[in-house]
Number of protein chains: 2
Amino acid sequence: MNKIETKGWTSDTVVSDLERAIHEHRLPPGTKLGEDELGDAYGISRTIVRAALLALSHRHLVELKRNRGAFVAQPSVREAREVFEARSLLEPRTAHSAALRMTDADLRLLNENIRDEHAALDAGENGRALFLSGQFHVEIARIADQSTIETFISELISRSSLIIALYWRRRAALCETQAHHALLDAFAQRDGDAAEQLMKSHLLDLVASLDLRNVSQPPTSLREALQR
Amino acid sequence: MNKIETKGWTSDTVVSDLERAIHEHRLPPGTKLGEDELGDAYGISRTIVRAALLALSHRHLVELKRNRGAFVAQPSVREAREVFEARSLLEPRTAHSAALRMTDADLRLLNENIRDEHAALDAGENGRALFLSGQFHVEIARIADQSTIETFISELISRSSLIIALYWRRRAALCETQAHHALLDAFAQRDGDAAEQLMKSHLLDLVASLDLRNVSQPPTSLREALQR
DNA sequence: CGCAACAAGATTGTATACGATTTTGTGCCG
DNA sequence: CGGCACAAAATCGTATACAATCTTGTTGCG
């Protein structure tokens with residue numbers, strides 16, 4: 001693997017970089033994250049890498065197996081349900097708050113986000129589109145001016161990306177930008193109740209688009225199947 | 001400081017130990033947690049201590065200041081409001097779910113918890129009473145069978161303990177065991193709606209018992225006042 | 001030929017050494 | 001005597017060395 005260099009990588013920037021790579025499905029669930037490998041890639045020692053992996057494990061994006069190494073998490077069906085249950089408690093009412101605090105600048109930002117997502121989809125950059133789609137939700141929490149809830153939602157969004165990687169049913173494009181459009185309309189009218197309802201429906205739609213039957217955990221490779 | 005020893009302290013056990021000490025107000029907000037000091041106390045190297053402090057900082061129980069050290073967090077008024085806002089989104093509906101899943105064994109456990117809290121109060125062990133009071137809330141999330149939400153609530157409860165340490169108005173005893181009693185009754189009747197309402201009120205009462213006016217951040221010592 | 005025991009290699013876990021930064025203490029100069 | 005500059009000490013940040021554990025490959029026996 002070639003170096004990334006050109007930056008002064010700190011623990012936090014490595015976390016951001018890896019989180020984004022996971023979120024964009026460039027690092028699929030189950031991928032082994034070797035400490036030496038990462039250290040070489042970023043041009044830092046294992047000390048920093050370990051701090052980053054520890055942080056990612058606290059966000060449930062990476063699973064640390066003692067004496068075995070770090071792996072991109074593979075959320076179980078159970079965990080997938082829990083994540084969306086948590087989102088359904090946090091996001092609708094947060095969207096409500098956001099609608100009441102929405103500024104024109106915020107609206108422009110959300111609009112741009114949707115536009116960029118469309119552009120990414122057209123360009124075939126599905127990973128980037130998925131990332132932007134998640135950013136839309138995090139941005140709402142930021143607008144609601146609730147940084148504590150924003151932290152939770154941000155984690156849940158990243159985990160949702162892993163869940164989508166594992167359990168997404170339709171192989172077609174993410175045809176959910178309509179939901180975001182509808183939300184944007186509610187925000188534009190500062191209609192808290194509408195935003196809350198739309199968000200609730202949006203999350204239900206998302207869960208419905210997943211295959212969460214307890215049948216088979218699809219391993220990403222033969223190798224991964226044996227590691228469990 | 002004398003050693004604790006007698007245990008094989010891992011990073012996780014140190015985290016639990018420190019978290020409990022913080023939760024019980026044995027380590028008040030602003031307390032400096034020196035790495036060498038902790039390493040000596042537990043008989044481990046700074047490597048493990050740092051991993052533990054990193055974990056605690058991710059839970060917002062410890063603040064890491066670069067090249068300055070780790071300190072028990074001192075939540076701002078802003079942060080205090082956010083924590084209780086998050087709790088108000090998560091806990092009522094989680095109590096609802098818990099009520100519907102409640103077993104007799106669960107009821108006994110919650111009952112014991114309340115009894116122990118009373119005993120601790122009578123014995124003047126206010127820290128332990130506060131810890132048990134928090135455990136009550138976490139236990140509800142466990143009974144609701146939502147480990148993801150439980151993790152969030154657990155963090156919020158610990159942060160609430162710091163908030164109470166800083167902004168608690170009445171210096172008298174924590175006369176909130178009645179609220180827990182009322183909740184227990186609702187649980188015993190498997191009345192989800194009642195439990196949800198009671199939890200909502202309970203949280204509102206808690207916030208009301210705090211002094212969250214933006215006046216003065218009471219520093220724990222002269223020293224701390226200058227560090228900010 | 002198959003399987004088990006053992007040895008070699010690779011990877012993580014922990015401790016420690018060293019450098020950077022901040023804090024604290026001292027002394028010179030105004 | 002007060003204040004600034006510089007030096008000493010303490011503490012954190014990072015890298016690296018070594019130990020523990022797991023994985024993998026090999027060999028010998030049944």
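Below, read A as the first sequence line, B as the second, and so on, with proteins coming before strands; counting in each chain starts at 1. Values reported hereafter were calculated over all heavy atoms of this structure, with side chains retained and with hydrogens, waters and symmetry mates removed.
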Enquirer: How many whole angstroms separate atom CG of A:Leu64 from atom P of D:dT21?
Expert: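 Atom-to-atom, A:Leu64 to D:dT21, this comes out as 18 Å.
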
Enquirer: What is the distance, rounded to the nearest whole Å, between atom CG of A:Asp12 and atom P of D:dT14?
Expert: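 It works out to 10 Å between those atoms.
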
Enquirer: What is the distance, rounded to the nearest whole Å, between atom CD of B:Glu35 and atom P of C:dA15?
Expert: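 Spelled out: CD on B:Glu35 to P on C:dA15 is 14 Å.
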
Enquirer: Ignoring the backbone of B:Asn67, work out which of C:dA17, C:dT14, C:dT22 is nearest its side chain.
Expert: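 Nucleotide nearest to B:Asn67's side chain: C:dT22.
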
Enquirer: For B:Thr47 and for B:Asp36, locate the closest nucleotide of DNA chain D by heavy-atom distance; then report the residue assigned to the nucleotide nearer the 5' terminus.
Expert: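 Nearest-nucleotide comparison on DNA chain D picks B:Asp36.
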
Enquirer: Taking only the side-chain nitrogens and oxygens of A:Ser45, find out if one of them lies under 4.0 Å from OP1 or OP2 of D:dA15.
Expert: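 So the side chain of A:Ser45 is within the cut-off, an N or O lying under 4.0 Å from OP1 or OP2 of D:dA15.
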
Enquirer: Any side-chain N or O of A:Lys32 under 4.0 Å from OP1/OP2 of C:dA10?
Expert: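 Checking A:Lys32 against C:dA10: no side-chain N or O falls below 4.0 Å of OP1 or OP2.
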
Enquirer: Can any side-chain N or O of B:Glu155 pair as donor or acceptor with the backbone N or O of B:His60 at less than 3.5 Å?
Expert: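 The answer is no, because no donor-acceptor pair under 3.5 Å joins these two groups.
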
Enquirer: What verdict does the side-chain hydrogen bond (donor to acceptor under 3.5 Å, both in side chains) test give for A:Glu117 and A:Thr177, after you've listed the backbone C-alpha separation in whole Å, the side-chain angles of each residue and the deciding distance to 0.1 Å?
Expert: CA-CA 8 Å; A:Glu117 189 184 337; A:Thr177 49; 5.6 Å; no

Enquirer: Describe the nucleic acid contact of B:Arg66 in one word from base, sugar-phosphate, nothing, applying a heavy-atom distance below 4.0 Å.
Expert: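 Counting heavy atoms under 4.0 Å across all strands, the contact made by B:Arg66 is with sugar-phosphate only.
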
Enquirer: Any ion pair linking B:Glu35 and B:Arg50 (charged N to carboxylate O, less than 4.0 Å)?
Expert: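 Looking at B:Glu35 together with B:Arg50, the answer is yes, because their closest N to O distance falls below 4.0 Å.
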
Enquirer: May I have the distance from A:Arg50 (atom CZ) to D:dT14 (atom C1'), rounded to whole angstrom?
Expert: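 Roughly 14 Å, once rounded to whole Å.
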
Enquirer: Between B:Trp9 (CH2) and C:dA15 (P), how many Å, whole number?
Expert: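 About 15 Å, once rounded to whole Å.
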
Enquirer: Output the rounded distance in Å from CG (A:Leu54) to C1' (C:dT14).
Expert: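 Rounded to the whole Å, the gap is 14 Å.
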
Enquirer: Given atom NZ of A:Lys65 and atom C1' of D:dT21, what is their separation to the nearest angstrom?
Expert: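 Distance check: A:Lys65 NZ to D:dT21 C1' gives 16 Å.
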
Enquirer: Nearest to the side chain of A:Arg68 - D:dG13, D:dC22, C:dT11?
Expert: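 Between D:dG13, D:dC22, C:dT11, the one nearest the side chain of A:Arg68 would be D:dC22.
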
Enquirer: For B:Thr148 and A:Glu85, which I'm curious about, is there any donor-acceptor pair between the side chains at under 3.5 Å?
Expert: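 Per modelled atom types, B:Thr148 and A:Glu85 side chains form no pair under 3.5 Å.
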
Enquirer: Send over the distance from B:Arg46 CZ to D:dT16 C1', rounded to a whole Å.
Expert: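 These atoms are roughly 14 Å apart.
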
Enquirer: Answer yes or no: is there a donor N or O on one side and an acceptor on the other, between the side chain of A:Ser160 and the main chain of A:Leu156, under 3.5 Å?
Expert: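 Pair found, side chain donor or acceptor close to backbone of A:Leu156.
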
